[in-house]
Amino acid sequence: MLFDTLEQAIVATLTHAQQRLEISNEQDVTAIGQFVICQMQGMRVLGKAKRYTEIDVATRVLCDYLRGLSAKTAS
C-alpha cells in the first residue's frame with residue numbers, strides 16, 4: 001500500500017508537469033513513476049549497506065534522467 005501511495009503521488013506530479021508542458025506528453029508517466037520507486041528502493045538498500053558513493057552516483061543519474069524528460073529539451 002505504501003508503494004501504491006508513493007507511485008500515485010509521483011505519477012500525479014509527473015501528470016501535472018505534462019499538463020504544464022514541462023514534460024513531453026509522449027512520456028509514459030506510469031512507467032516513469034515505477035522506475036523512480038525502484039530507484040528509491042535501491043538507494044534505500046544501498047544506504048543500509050553504507051554504500052554512500054553509489055547513492056550519490058544513483059541520485060545524480062536519476063536527477064539527470066528526470067531533467068532530460070523536459071519537453072523543452074525533447075527533440
Expected list for residues 41-49: side-chain donor-acceptor pairs under 3.5 angstrom, two or more places apart:
none

Once you round to the nearest 0.5 Å, how far does [atom1] of [X] lie from [atom2] of [Y]?
X     : Y     : atom1 : atom2 : result
Ile23 : Thr15 : CD1   : OG1   : 8.5 Å
Thr59 : Ile55 : OG1   : CD1   : 7.0 Å
Leu69 : Gln27 : CG    : CD    : 5.0 Å

Inset, instruction - State whether the side chain of Gln18 and the backbone N or O of Ser24 hold a donor-acceptor pair below 3.5 Å, judged by distance alone. - result: yes

TODO: Indicate, with yes or no, if Tyr65 and Ile37 share a hydrophobic cluster defined by side-chain heavy-atom contacts under 4.5 Å among Ile, Leu, Val, Met, Phe, Trp and Tyr.
DONE: yes

Listed pairs under 3.5 Å, donor-acceptor, residues 1-14 side chains, sequence neighbours left out:
| from | atom 1 | to | atom 2 | distance (Å) |
| --- | --- | --- | --- | --- |
| Thr5 | OG1 | Met1 | O | 3.0 |
| Glu7 | OE2 | Gln34 | NE2 | 3.4 |
| Thr13 | OG1 | Ala9 | O | 2.9 |

